[in-house]
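Predicted model, so just to flag it, every value in this text is computed and none were measured. Along the sequence shown, residues carry numbers from 1. When reading the values below, keep in mind they use all heavy atoms of this one structure, side chains included, and skip hydrogens, waters and symmetry mates. Counting starts at 1 for both ligands and their atoms, in listed order.
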Amino acid sequence: MAEKSVSQMLKETLFYDPKPATVRLSDEELAAADRYCEGYRAFLDRSKTEREAVRSVVELAEARGFRPFDRKAPLKAGDKVYVNNRGKALLLAVIGTRPITDGVSIAAAHIDSPRLDLKPNPLYEDHDLAYFDTHYYGGIKKYQWPTLPLALHGVIVRRDGTSVNVCVGEDPDDPVFCVTDLLPHLATEQMKRTMVEGVKGEDLNILIGSRPFRDDEGSELVKLNILKILHEKYGIVESDFLSAELEAVPAFPSRDVGFDRSMIGGYGHDDRVCAYPAVTAILETERPAYTAVTILADKEEIGSEGNTGMQSAYLKYFIADIAAAFGEEGRHVLSQSVCLSADVNVALDPIFPEVVEARNCARINGGVVLTKYTGSRGKSDTSDASAELMGMIRSLMDGADVVWQIGELGKVDIGGGGTVAKYIADLDVDTVDLGVPVLSMHAPFEIVAKADVYMAHKAFSALLNRS
Ligand code: MN
Ligand code: MN
């Protein structure tokens with residue numbers, strides 16, 4: 001082998017030149033990543049909504065010895081507890097051996113995803129076809145949603161207070177639903193619209209039936225027939241939609257992507273691809289030094305609002321309750337705590353390279369992406385992690401052989417976005433974003449690399465088990 005030149009050796013010492021996971025990881029580690037992602041895909045496919053994600057995780061956690069948190073019961077190192085916040089958000093904790101006032105380690109992901117929610121009064125008939133009217137949830141490109149098979153997930157609370165869960169379209173024998181689009185032959189005017197207006201929000205109506213109720217004459221017989229079917233299956237009447245949360249999501253399961261099967265395509269990677277690793281990391285945590293906490297939040301996609309979103313006080317109250325079990329105050333725990341805000345970031349897409357700045361953008365297979373700040377314009381709406389925290393996290397990850405990269409959310413002034421990071425930072429917690437790079441973020445079929453998903457698991461494990 002030729003000897004290295006002086007400049008070559010100097011470059012190796014001085015330059016920042018991160019190598020991708022596909023180069024740095026051994027065959028065994030890549031195989032471990034593939035195996036890990038089998039579990040992830042199974043979780044993803046049965047957790048398409050926040051409520052389903054909570055149910056899946058409670059099941060996994062209880063199997064690993066987690067119990068509902070009782071704020072009146074004493075806590076000791078190794079105890080595993082959880083708090084189910086209204087079936088839509090979840091807190092998990094493993095009590096550490098160090099004093100609680102040394103702070104806790106937090107991995108915080110969200111489990112809601114962009115989708116089409118049914119309106120409160122959704123059912124109508126038009127020209128002998130029955131529809132559900134929707135109001136989209138989160139940042140979607142509306143043109144991506146017509147002509148996809150859709151499944152309906154959620155809950156209906158009946159007039160008498162009883163409730164029924166709904167999940168139609170996931171079983172291969174189930175029917176699916178669909179938003180229709182205009183044929184190109186007659187789309188001359190539509191094609192002149194901008195992509196924002198190409199498919200309008202009020203046109204995202206889901207086709208749900210076409211056969212009339214046959215026994216009688218009258219109007220709205222297709223709608224009547226649908227209601228009759230729903231009444232028989234769920235015991236509901238039309239007004240029960242007024243107290244329901246029904247979400248239309250892509251009906252297909254996740255799939256391996258590529259001849260090499262190196263990637264996963266599916267609905268809802270944002271942010272289950274961080275939620276699942278944050279969960280597996282805490283499930284494998286036995287007696288940590290610092291108390292380990294995993295949070296799965298709702299409502300991130302609409303600004304973390306509401307009592308299940310990260311702007312709510314439930315994390316603060318939970319930490320206060322844990323602190324109280326040791327005779328301490330929550331604020332003295334929070335101020336010493338460290339949080340990885342676990343959310344996805346943009347991966348460089350060679351088809352759209354102009355929106356990112358290559359030296360500061362994550363790549364597929366580059367490992368987990370550490371994001372110092374998100375926000376938009378001049379760092380508006382972001383917590384911007386400190387140099388000290390960045391230093392601590394990078395040494396933590398390097399010490400655990402985590403393949404990681406740095407990434408910004410796009411070029412300066414080209415757009416932007418936010419995560420739950422700033423709401424946790426607002427609680428006086430040292431917080432920085434760390435997550436998985438994604439192609440086609442917020443699309444009905446998003447893409448991630450298996451090696452990056454596994455690195456997220458290793459990164460959250462390193463945080464929750466720090467000494
Ligand atoms: Mn997200
Ligand atoms: Mn998102």
Side-chain angles (χ1 to χ4, degrees), residues 40 43-44 47-50 52-54 57 88-90 106-117 136-142 144-145 247 249-250 254 264-279 294-306 308-311 339-347 349 355-356 361-362 364 368-376 381-383 385 407-410 414-425 431-449 452-453 456 459-460:
Y40 170 54
F43 170 79
L44 185 63
S47 314
K48 288 191 175 179
T49 66
E50 55 284 344
E52 290 169 355
V54 165
V57 174
K88 297 167 69 167
L90 197 65
I106 304 171
H110 69 91
I111 47 175
D112 60 317
S113 297
R115 61 189 187 236
L116 304 181
D117 283 348
Y136 68 96
Y137 172 98
I140 64 165
K141 293 165 94 173
K142 299 179 194 94
Q144 291 176 337
W145 287 77
E247 309 172 5
V249 298
S254 63
I264 305 168
Y267 165 73
H269 283 316
D270 179 4
D271 187 29
R272 288 162 193 78
V273 76
C274 298
Y276 182 73
V279 167
T294 286
I295 310 164
L296 305 177
D298 181 27
K299 295 284 183 278
E300 192 277 340
E301 296 295 356
I302 60 167
S304 298
E305 313 284 348
T308 54
M310 211 62 251
Q311 293 201 61
C339 173
L340 287 177
S341 164
D343 209 343
V344 297
N345 200 338
V346 58
D349 185 336
V355 299
V356 299
C361 182
I364 287 288
V368 278
V369 48
L370 184 62
T371 303
K372 188 171 183 297
Y373 49 85
T374 58
S376 56
D381 292 318
T382 180
S383 45
E408 267 199 88
L409 185 54
I414 205 155
T419 65
V420 300
K422 63 175 183 168
Y423 305 115
I424 296 171
T431 307
V432 65
D433 278 292
L434 183 92
V436 174
V438 179
L439 292 170
S440 304
M441 193 195 295
H442 283 202
F445 193 73
E446 304 175 304
I447 291 174
V448 297
D452 298 335
V453 183
F460 301 138

Could you tell me whether any N, O or S atom belonging to Cys274 is less than 2.8 Å from the Mn ion (ligand 1)? no

Quick one: does Lys372's side chain have a donor or acceptor within less than 3.5 Å of a partner on Ala385's backbone? yes

Exactly one of Lys48, Glu247, Glu301, Arg272 should register a side chain to side chain donor-acceptor pair (under 3.5 Å) with Ser113. Which one does? Arg272

At the Mn ion (ligand 2), what's the angle from Glu301 OE2 to Asp270 OD2, rounded to 10 degrees? 90°

From CG (Leu44) to CD1 (Ile264), nearest 0.5 Å: 7.5 Å

Look at the N, O or S atoms of Asp271, main chain and side chain alike, and state whether any lies under 2.8 Å from the Mn ion (ligand 2). no

So, Ser376 side chain and Gly415 main chain: donor-acceptor pair closer than 3.5 Å or not? no

So, is His442 placed with an N/O/S atom under 2.8 Å from the Mn ion (ligand 2), counting both backbone and side chain? yes

Do the two ring centres, one from Tyr276 and one from His269, sit under 6.0 Å apart? no

Output the atom name for the N/O/S atom of Asp343 with the smallest distance to the Mn ion (ligand 1). OD1

